[in-house]
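Okay, so here's the structure we're looking at.
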There are 2 protein chains.
Amino acid sequence: MALGKDYAHQQCSIARALEIVGERWTLLVVRDAFYGVRRYSDFLAHLGAPRAVLAARLQALVDAGVLDRRRYRESPPRDEYVLTARGLALWPVLWALGAWGRAELPGTLPMRHFHHADCGTELGPLGECPACRAPVAPADIEMRPGTGLDPDPADPVGRALLAPRRLLVPLDPTGA
Amino acid sequence: MALGKDYAHQQCSIARALEIVGERWTLLVVRDAFYGVRRYSDFLAHLGAPRAVLAARLQALVDAGVLDRRRYRESPPRDEYVLTARGLALWPVLWALGAWGRAELPGTLPMRHFHHADCGTELGPLGECPACRAPVAPADIEMRPGTGLDPDPADPVGRALLAPRRLLVPLDPTGA
DNA sequence: CTCGTCGGTTCGGTGATTGAACCATGACTC
DNA sequence: GAGTCATGGTTCAATCACCGAACCGACGAG
């Protein structure tokens, strides 16, 4: 989108945030990173985005300091993309979007449920734990499948994400 | 973006939300609606988006039930775009984006401050009132200019938004 | 009757996105 | 060491969205 050019004159933190995460596919890449996806091929399989776009988005997110690209194996050389602290701080944005989609867009069953891993309570509308009355960090959230989820997705990443799992735990589609 | 086509297979509330508000300019239109902007020409002056794009976004938001288009004068016929309940529910999304931009993107002064109108306390990072310890509805938020704001914007809408004002109160650029 | 405003639509040019094909590296197999 | 496969991209033509500028119709004012 080349947002930097067009939103530059906007005197607004929202516009500045959208310059970074407002492009097509970008927030879905970040969402998958929270779900534990780390590798190019897994993002590709789960998102269905064109390869060139995915490569551009990953690079832009690394440049923006949202993702960190790091070598996890030397031979053959393989890199993975991991959320930085700045990327982890995007969780409230994803939560707010998901909560709005669940509450305001009719005609669908719940896709995924999010629980406070420590106590098992399902998170409230603001992403907080109603039992502990405190905000819950992404690392302390357990994701469980809902009734609206396709029980047999075509891609291996989607299948691996059917199991209850904690956010941010690295995904291994082959092991599922 | 024609998101409906491409995100359709995504089993995710976030993706469904982005189908509606994920396009370029869309969330900035909604932001301006919270600031009190209601008329086509005011959106145009404040956003700087191309006229055709703005018309398409307004229509899409009306179709999605986020904005309501209603006649406020018969002669000459004039319509205004007002947030519906579904649109008002988007406030947490805008707040989360703005909070992330303020906290994580370095090198700028605060643009705007948001206070609980009832008690005057500045809102906390989750959009809640630290004094009252409760979430604050958009209608109860007062917006005050920050030091990072351009003190003399070119467009009349930007000038009208320099004064402290409550969210959702209709904007009248000519009266400022 | 002319001018100005408002709320758009239309238009040609430019830039981004898409799907498909291709490629480089390294491991694994025979 | 030749062939094959997996990974992680890049390249390419075609399409689509976006852009700025111009135009248009309804209406009111002078």
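First the proteins, then the strands, lettered A, B, ... as listed; each starts at 1.
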Quiz item: When the distance from CZ of Arg24(A) to P of dA17(D) is rounded to whole Å, what number comes out?
Solution: 9 Å
Exercise. Taking the six-membered ring of Trp95(A) (Phe, Tyr or Trp), confirm whether the NZ or CZ of Arg102(A) is under 6.0 Å from its centre and within 45° of its axis.
Key: yes
Quiz item: From dG9(D), dG26(C), dT18(C), pick the nucleotide closest to the side chain of Pro76(A)?
Solution: dG26(C)
Exercise. Side-chain contact test, heavy atoms from C-beta onward, threshold under 4.5 Å: evaluate it for Leu126(B) versus Pro135(A) and give yes or no.
Key: yes
Quiz item: Which nucleotide in the list dG26(C), dG7(C), dT18(C) gets nearest to the side chain of Ser41(B)?
Solution: dG7(C)
Quiz prompt | Whole-Å distance separating the CH2 atom of Trp25(B) from the C1' atom of dC18(D) | solution = 10 Å
Self-check item: Proximal nucleotide (of dG8(C), dG7(C), dG9(D)) relative to the Arg69(B) side chain
Solution: dG8(C)
Exercise. Pick base, sugar-phosphate or nothing for Tyr81(A), based on heavy-atom distances below 4.0 Å to the nucleic acid.
Key: sugar-phosphate
Practice problem: Please state how far atom CZ in Arg78(B) lies from atom C1' in dA26(D), giving the value in whole angstrom units. | Solution: 8 Å
Quiz item: Considering only dC27(D), dG8(D), dC6(C), which nucleotide approaches the side chain of Tyr40(A) most closely?
Solution: dG8(D)
Practice problem: Write down the distance between CG (Leu54(B)) and P (dC6(C)), rounded to a whole number of angstrom. | Solution: 14 Å
Practice problem: Round to a whole Å and report the spacing from CG of Asp79(B) to P of dC27(D). | Solution: 13 Å
Exercise. May I ask you to say what Arg73(A) touches in the nucleic acid, namely base, sugar-phosphate or nothing, with a heavy-atom cut-off under 4.0 Å?
Key: nothing
Quiz item: Taking the nucleotide of DNA chain C with the closest heavy atom to each, which residue, Val53(A) or Glu74(A), is nearer the 5' end?
Solution: Val53(A)
Quiz item: Would a distance-only check, ignoring hydrogens and angles, find a side-chain to backbone donor-acceptor pair under 3.5 Å from Arg165(A) to Met143(A)?
Solution: no
Quiz item: With a non-hydrogen cut-off below 4.0 angstrom, is Ala52(A) in contact with a base, only sugar-phosphate, or nothing?
Solution: base
Quiz item: What nucleotide, of dC6(C), dT17(C), dG8(D), holds the atom closest to the side chain of Arg57(A)?
Solution: dT17(C)
Exercise. Find the distance Leu58(A):CG to dT10(D):P and express it as a whole number of Å.
Key: 11 Å
Quiz prompt | Note: Arg133(B)-Glu128(B) ion pair, threshold 4.0 Å (strictly below) | solution = no
Quiz item: Hey, are the side chains of Asp32(A) and Arg38(A) touching, using non-hydrogen atoms and a 4.5 Å cut-off?
Solution: no
Practice problem: Look at the side chain of Arg51(B) against the base of dG7(C) and say whether a donor-acceptor pair falls under 3.5 Å; ignore hydrogens and angles. | Solution: yes
Practice problem: Mind calculating the distance between CD (Glu80(B)) and P (dG8(C)) to the nearest angstrom? | Solution: 12 Å
Exercise. Can you tell me the distance, in whole Å, between the CG atom of Leu44(A) and the P atom of dA20(C)?
Key: 12 Å
